[in-house]
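These notes are about the structure you will find just below.
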Number of protein chains: 2
Amino acid sequence: MPPKDSTSATRAALLDAARREFAAHGIAGARVDRIAELAGVNKERIYGHFGNKEKLFDAVITDALDDLTAQIALPGADPVDYVTRLSAYYDKHPEVVRLLMWEALNYRGQELLPGQETRVERCRRKNASLAEGLGQEPSAGTARTLFVLTGLALLPSMLPQLARIMVGEGDGEHEALREHVSAFTAAALSTAGGRHDSGAPPLPPS
Amino acid sequence: MPPKDSTSATRAALLDAARREFAAHGIAGARVDRIAELAGVNKERIYGHFGNKEKLFDAVITDALDDLTAQIALPGADPVDYVTRLSAYYDKHPEVVRLLMWEALNYRGQELLPGQETRVERCRRKNASLAEGLGQEPSAGTARTLFVLTGLALLPSMLPQLARIMVGEGDGEHEALREHVSAFTAAALSTAGGRHDSGAPPLPPS
DNA sequence: TTGACAGCCAACTGGTTGGTTGGCTAGCGT
DNA sequence: ACGCTAGCCAACCAACCAGTTGGCTGTCAA
């Protein structure tokens with residue numbers, strides 16, 4: 001057989017090419033032939049290594065999420081900084097955001113897929129970390145806050161066109177928007193000691 | 001020719017079927033044959049009425065956004081209520097959210113497409129309304145706030161799986177999440193008179 | 001009455017696509 | 001030295017799919 005690291009190199013090349021292709025065109029739009037060509041290997045290798053198109057996509061997602069988890073520390077004591085860091089990561093890796101969107105659109109209404117336990121566990125850990133940072137016990141309320149924080153960090157990279165339409169596209173505008181998101185988060189968390197589970201807090205002057 | 005309203009009925013049936021199909025599978029994943037069958041008309045009618053698959057998608061989006069604009073009043077004096085209303089609309093029309101996501105993934109990096117002026121104008125109006133509600137002049141800052149508000153309203157419907165993973169899926173949980181988003185918004189806007197353009201406001205207790 | 005045309009459809013087309021097959025090659029154990 | 005096998009590839013295949021064609025029908029204007 002070829003040198004052992006050759007096969008893992010093939011696999012890595014395929015994963016990399018697949019990441020680009022899937023990020024650009026989604027699962028249905030991605031072309032297996034293009035992925036193989038971009039990776040510089042034969043199409044059949046995809047089936048040898050991953051089974052089929054969809055499993056390749058799963059491998060790409062898992063890969064991307066592992067990297068993200070390794071790079072971004074838990075919310076910890078400073079949730080606002082967490083949003084800032086997350087947001088910066090997404091800004092630097094727009095393909096990851098696109099992959100997550102394609103995936104979100106793909107699996108709908110399904111129950112928790114096997115293999116999602118890793119994600120659930122990660123979220124549990126983040127929730128625990130966030131709760132500790134807020135000086136509370138982990139609860140549905142802190143989990144909801146975690147969801148909002150995660151979503152806020154995603155927004156600018158998820159909806160770049162909407163951002164362009166709404167706030168224009170001068171240079172530095174994207175950065176300014178991300179800062180605005182962080183400031184918005186800070187403002188929300190600084191009210192009522194970070195608790196806002198129900199009951200509408202005071203409204204702004206009308 | 002057949003009765004005049006028959007052709008418009010055909011067109012409407014196609015638009016409706018296309019909305020479902022596109023929402024479910026996206027542009028690349030949608031099947032023209034399926035749309036025609038679901039609408040109960042011949043496939044060729046799609047080309048007669050709309051030109052091609054992509055133009056049909058554009059028509060679907062335009063249709064959906066017109067409806068949304070007609071149903072949701074401007075932010076006006078109560079931005080938090082605006083988020084609540086928007087969020088409720090998206091909750092009631094999940095296909096619209098999915099259509100917007102497919103569209104966001106489809107057109108990337110492009111300049112403002114012709115025909116987008118309508119959207120720009122609508123955003124301008126919303127921004128003016130929001131600024132008035134906040135007692136400010138319309139500015140990049142208010143536009144950024146508008147972006148965040150719009151995004152916050154979208155989040156629960158955009159990322160239902162993430163919500164499930166993070167906060168579970170008990171009944172009423174989705175509603176609770178939307179309320180949390182509204183409360184979060186209220187908390188943010190009640191700080192510093194709704195202004196948070198730059199410079200981080202005080203952080204929550206660590 | 002008639003002819004022209006818009007709306008509609010069944011059947012067709014040819015390029016594309018995910019996935020397979022059979023054979024070749026190079027490294028490993030013996 | 002040598003056969004066995006994992007990794008790889010060129011060529012192939014059948015299903016699929018967006019878009020087209022040619023003909024039929026009912027309506028309206030003249």
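- Rounded to whole Å, atom C1' of C/dT16 lies 15 Å from atom NE2 of A/His25.
- The nearest whole Å value for the distance from the CD atom in A/Glu54 to the P atom in C/dG18 is 12 Å.
- Nucleic acid contact class of B/Ala30 (heavy atoms, under 4.0 Å, all strands): sugar-phosphate only.
- Here B/Arg31 does not reach the OP1 or OP2 of D/dC16: none of its side-chain N or O atoms lies under 4.0 Å away.
- Atom CD1 in B/Ile35 sits roughly 12 Å away from atom P in D/dC17 (whole-Å rounding).
- Using bins of under 30°, 30° to 60° and over 60° for the plane-to-plane angle, the ring pair A/Trp102/B/Trp102 lands in the tilted bin.
- The side chain of B/Thr7 contributes no N or O atom lying less than 4.0 Å from OP1 or OP2 of C/dC8.
- Residue pairs meeting the salt bridge (Lys or Arg N to Asp or Glu O under 4.0 Å) criterion with at least one partner in residues 20-41 of chain A, sequence neighbours excluded, are A/Asp16-A/Arg20, A/Glu21-A/Arg34, A/Asp33-A/Lys43.
- Among C/dG18, C/dC8, D/dC8, the nucleotide with an atom closest to any side-chain atom of A/Asp33 is C/dG18.
- One atom, CD of B/Glu21, and another, C1' of D/dC17, lie 12 Å apart when rounded to the nearest Å.
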Donor-acceptor list for residues 155-167 of chain A side chains, cut-off 3.5 Å, not counting sequence neighbours:
residue	atom	partner	partner atom	Å
A/Gln161	NE2	B/Ala104	O	2.5
A/Gln161	NE2	B/Tyr107	O	2.7
A/Arg164	NH2	B/Gln110	O	2.7

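- Counted by atom type alone, B/Tyr89 and B/Asp67 present one or more donor-acceptor pairs between their side chains at under 3.5 Å.
- Here the side chain of A/Lys53 pairs a donor or acceptor atom with the backbone of A/Ala30 at under 3.5 angstrom.
- Straight-line distance from the CG atom of A/Asn42 to the P atom of C/dT17: 17 Å, rounded to whole Å.
- Within residues 43-52 of chain A, the residues that have a heavy atom under 4.0 Å from DNA chain C are, in order of number, A/Lys43, A/Glu44, A/Tyr47, A/Asn52.
- For the residue pair B/Thr10/B/His49, the side-chain donor-acceptor check at 3.5 Å is not satisfied.
- A salt bridge links A/Arg124 with A/Glu121: the distance from a Lys NZ or Arg NE/NH1/NH2 to an Asp or Glu carboxylate oxygen falls below 4.0 Å.
- A close approach under 4.0 Å does not occur between any side-chain nitrogen or oxygen of B/Thr10 and OP1 or OP2 of C/dG7.
- You'll find that the side chain of B/Lys53 is closest to D/dG19, out of D/dG19, D/dG7, C/dC9.
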